[in-house]
Every structure is written in C-alpha cells, then in structure tokens.
Amino acid sequence: MDKFVIKGGNRLTGDIYVSGAKNAAVAIIPAVILSDEPCVLENVPKISDVSIGLKILAEMGASVNMIDDTTFRIDATNLVNSEVPYEMARKMRASYYFLGACLGKFGKAMVSMPGGCPLGDRPIDMHLKSFEVLGSKNDIINGVVNVECDHLYGGHIYFDKVSVGATMNAILASVKADGLTIIENAAREPHIVDLANFLNSMGADIMGAGTDVIKVRGVKHLRGTTYSIVPDQIEAGTYMIAAAATHGDVMIRNVIPKHLESITAKLIKIGVNVEEYDDAVRVWTTRPLVKTNVKTSPHPGFPTDMQPQIATLLTLVDGPSLVTETIWDSRFAYVEELRRMGANITIDGKVAIIEGTGKLNGAPVKACDLRAGAALIIAGLAADGITEIEDIHHIERGYQDMDGKLRGIGADIEKRYFPGESSIKTCGA
Ligand code: EPZ
C-alpha cells in the first residue's frame, strides 16, 4: 500500500503553483460531448478523477489525445453511445455530469448512480427534477439512472437547496434545448462560472453564471474551442492553510485572488498575513495565531471543501474554536484521525468544538476522503514527529502531485510503498 510519510516541523517557504480546478474539469470534460467539433482543453489537472472522466469519454467512442501533461484534444463528434460504463461511473461523483451532457446532446443518457466522497446522504433528486422541467422522463433501474426525452424545451427550474452539481447539470441539459431556461437559486461557485465560460466559448448563450439566477437560451450549434481550466480555488486554499500551519512564508501562484476571498478573510481573522497580487497570494505569519469560529456555506461563503483544513489549523491555536458544517451531514470523519495526533475536538451534530492545544504529534492515520486527507497532510506538516497517512488514493483524486509540490517549498514528505500492508482501520472508528 502507498502511504505519505511526513516528518513534521519544517517551515514551508517559497513558491507553489496551483493546477486547474478539479470541480471545473470534471464538468467541462463531459461538456465536450455537446460540441459539434473537436475541443482542446488546457490547464487540466493531472488527477485521477480527470483520468476517469477522459477514460469514460474514450469508452463512449470519443478520441482523446494528450498533447502534454495538462492539455488534451478531444473529438467527441462521432459519439453515438450515450451510455456510461457502470464500473467507471460509480468511481466518482462527477460521472453524473454525463447525464446532463448526453441528455443535452442526444436526448437520452444512462449513467450509474454516482460515487464520490462519503459525506453523508448525497441524493440527485434536484438533478432529475431539472431534467424533468426540460421534458425528460427519468428512472433508476438496477443502480443506473436513465433519462430520455423526444425534445428538450427550455423551462423554469427552481432549486430548493443550492446545489453545485444540479446547477451544472441543468446548464448542460439546457444549453441546446429549445427556448429559454431560467435556473433560480443556482450555485455560484467559480467552477459553475468556468463551465458557463467554456460553453459560451463554443457559442452557447448562458447569462448570469456566478449569480443565483442563470439564464440559458438554447442554441442549435456548438463549435469547437480551446479553453483553459480555471485555477483550483480549493487547492490554493489548502496550500494557504499549510503555509499558516507551519508558520511559513509561501507565495501561492496561478490563482484568482477573488476566488479566495472568504478563505483569506478567515485566515486574516486568525492572525495570518495574506497579500494579494494579480495571480498570486503571499501567506506568512509574524505573530501567534488566535481562535475563531467558521461556518461553511455556498460560495461566496466559506467553502465546505476547506472545512477539514481550517479545522486542522484551529487545533494549532489556543482554543476554543467552533467549526459548523452546514452543507454535508457527516464531514467530520477526519476528526477521529486528528485525535490520534493529540487534537482535542468534540463533535456536537454539525458543530466541531476545537480546544486548540497549540500542537499535534505525528501518528499513523487514514485519509477518509479527499479533503480529509489534505487536512491530515497539513496536520502532519505541523506535527512533532512522523505521520504516516494511508489510503492516499483519496488525496490523489483531487490534488496534482501534492507531495512533490510541498517538497518544493521545504516539506519533508514522501510517498512510500509498504508491501503486504492492507487498510484495516476504518475511518472515524
Ligand atoms: C460538489 O458536490 C463538489 N463536488 C463537492 O466537492 C462540494 O463539497 C459540493 O459541491 C459543495 O460545494 C464536485 O463538484 C465534483 P451539492 P455536489 O449538490 O455537487 C444536497 C470535493 O471535495 N443535494 O452542491 O455533490 C446535498 O446532499 C467535493 O471536491 C440534494 O439534496 O454537492 C448537499 O447537502 C466533495 N439533492 C447539498 O445539496 C441533489 O439533487 C449540496 O450538494 C443534490 C444535492
């Protein structure tokens, strides 16, 4: 089994470069299906969720050519198959974007119920509701979601809850529908805007992405395009917190500072210095950090995908701090792992009460999901002693070369293979 082995205590200093956004790339890759011509995608993150998406496209008959590590030419114009291979689709959450893309292109799609991080209940009712508004008939048979319609007509979609995935899928399904689609209570994340920008670069007519009302006027034809994926807001935030946790001084490059505003504001409140440049942020500390409270909420609020990371930082400052998770039912599985490192955290429903002890001790721990794994890396970097993290495939789903990038700014971290070891611990046990 592969593990990350970290010797804590090094201050992180220097320049680290952020890759393209996972949560944009996993939607834009299926969206290529909607194009009537080949597309070139640049700044594609080299992560396993992207590899799965590209493999699914190839399985469906698209030609996928790697131009370089992060650039791909994709020709999905000869795609006739609107079925996504079951075993591949269930490996990740974002496979459900193939539903919206194939429905928008072919008027039908068959995709297994999605997989993804175990964060509690993750229904797709709002995705299906948006397809129904556009005229689709949906059912789920043997774990496979079937959507089909003779003709897609624009409609008025209102989401009871803010949903990134459902907003993305509503855009994908409506971009070639007849007439106007209005999406209300839409998610506003940067990756939603990136999907809309990608589709508009192909000739789509999408207005209002990034606000809570998105209007999509259906078009008949979508031409090919060359498009560069937006920088990853959550990867950037993760490295900002790693710099703060090690009292380092790090320039995080290839970012859009505006996307980081809620993270920056929270770090400044904790006593971290943050300076913004055109496409970079500098993060460093000059004084003891102080406790604060954090509540996750949809963009532009504090991202839920940064919750495990900020909670880890707060274990290192004198508490108590409160972290409230409002998006997911159970996103605190990493807490048990932090307790193995000496953290003093009590969970009360959706609230983690963190009695910051100012330090952590290295220990063998397990990555329960993508962002929990990133949080454990931050913990290991700041801890006294050695931390071994297992199940690091979760981390490699969403972070390109995280250990290599961190070594580049002084971290003592390496990926090591442990033959014969199998994962026995269960998360949060
Ligand atoms: C996306 O998940 C991200 N994943 C998640 O990031 C992120 O945590 C989440 O958005 C919130 O920002 C991808 O983009 C691939 P939602 P998604 O639909 O789309 C409920 C990471 O670490 N809901 O915005 O699945 C849902 O249960 C991952 O990169 C319904 O009830 O999230 C949740 O409580 C983890 N019905 C809330 O809405 C639905 O049909 C928000 O979920 C859909 C969602």
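FYI, side chains are in, hydrogens and waters are out, and symmetry mates aren't considered; it's all heavy atoms of this structure. Every number for a ligand or one of its atoms is a count from 1 in the order of the listing.
Between Y399 and the choices K22, H394, R371, K405, the side chain to side chain donor-acceptor pair (under 3.5 Å) rule is met once, by R371.
Of all protein heavy atoms, the one lying nearest to atom 36 (N) of ligand 1 is D125 OD1, 2.7 Å. From the protein, the heavy atom lying nearest to atom 27 (O) of ligand 1 is D121 O, 3.2 Å. Ranking the protein heavy atoms by distance from atom 9 (C) of ligand 1 puts W328 CZ2, 3.8 Å first. Nearest to atom 5 (C) of ligand 1 among the protein's heavy atoms is D305 OD2, 3.7 Å. The single protein non-hydrogen atom nearest to atom 20 (C) of ligand 1 is K161 NZ, 3.8 Å, given as residue, atom name and distance. The protein non-hydrogen atom at the shortest distance from atom 3 (C) of ligand 1 is N23 ND2, 3.8 Å. Of the protein's non-hydrogen atoms, V164 N, 3.7 Å is the one closest to atom 16 (P) of ligand 1.
The aromatic ring centroids of Y153 and H151 lie less than 6.0 Å from each other.
Less than 4.0 angstrom separates some heavy atom of K22 from each of these atoms of ligand 1: 21 (C), 29 (O). Close approach of ligand 1 to V162 is summarised as follows: ligand atoms under 4.0 Å from at least one heavy atom of the residue are 41 (C). Counting the atoms of ligand 1 from 1 in the order shown, those under 4.0 Å from a heavy atom of R331 are 8 (O), 22 (O), 35 (C). Within ligand 1, the atoms closer than 4.0 Å to a non-hydrogen atom of T304 are 8 (O), 11 (C), 12 (O), numbered from 1 in the order shown. Of all atoms in ligand 1, numbered sequentially from 1 with element shown, those under 4.0 Å from a heavy atom of G165 are 18 (O), 19 (O).
Ion pair D403/K415 not flagged as a salt bridge, since none of the NZ, NE, NH1 or NH2 atoms sits closer than 4.0 Å to an Asp/Glu carboxylate oxygen. Look at D36 and K176 and you find a salt bridge, because one of the NZ, NE, NH1 or NH2 atoms lies within 4.0 Å of a carboxylate O, short of that distance. Under a 4.0 Å N-O distance rule, the pair D125/K129 does not qualify as a salt bridge.
Side-chain N/O atoms of Y227 and N43 include no donor and acceptor closer than 3.5 Å. E325 and T304 form a side-chain donor-acceptor contact under 3.5 Å, judged by distance and modelled atom types alone. In this model, a donor atom of one side chain and an acceptor atom of the other lie less than 3.5 Å apart for N138 and E132. Checking T296 against Q307 by side-chain atom types alone, no donor-acceptor pair falls below 3.5 Å. Using modelled atom types, one finds a donor on one side chain and an acceptor on the other under 3.5 Å when comparing T292 with K269. Using a 3.5 Å distance cut-off with no hydrogens or angles, the side chains of Q400 and S19 do pair a donor with an acceptor.
Nearest residue to atom 29 (O) of ligand 1 from R371, H394, E189 is R371 (criterion: closest heavy atom).
Using 4.0 Å as the threshold, I234 has no heavy atom nearer than that to any atom of ligand 1. By the 4.0 Å heavy-atom criterion, P123 is counted among the residues contacting ligand 1. Between Y96 and ligand 1 there is a heavy-atom distance shorter than 4.0 Å.
For the pair S163 and ligand 1, the shortest N or O to N or O distance falls below 3.5 Å. For A94, no nitrogen or oxygen atom sits less than 3.5 Å from a nitrogen or oxygen atom of ligand 1, counting backbone and side chain alike. Some N or O of M126 is nearer than 3.5 Å to an N or O of ligand 1, by distance alone. For the pair A166 and ligand 1, the shortest N or O to N or O distance does not fall below 3.5 Å. Between H191 and ligand 1, no pair of N/O atoms sits closer than 3.5 Å. At under 3.5 Å, a nitrogen or oxygen of I327, whether backbone or side chain, sits near a nitrogen or oxygen of ligand 1.
When atom types are taken as modelled, the side chain of R340 and the backbone of P364 share no donor-acceptor pair closer than 3.5 angstrom.
Of the inter-residue distances, the one linking T181 atom OG1 with D205 atom CG reads 11.0 Å to the nearest 0.5 angstrom.
Under 4.0 Å from ligand 1, the heavy atoms of L370 that appear belong solely to its side chain.
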Exercise for the section: Apply salt bridge (Lys or Arg N to Asp or Glu O under 4.0 Å) to the pair E388 and K3, showing each step before the final yes or no. Expected result: CA-CA 6 Å; E388 288 183 4; K3 294 182 186 178; 3.3 Å; yes
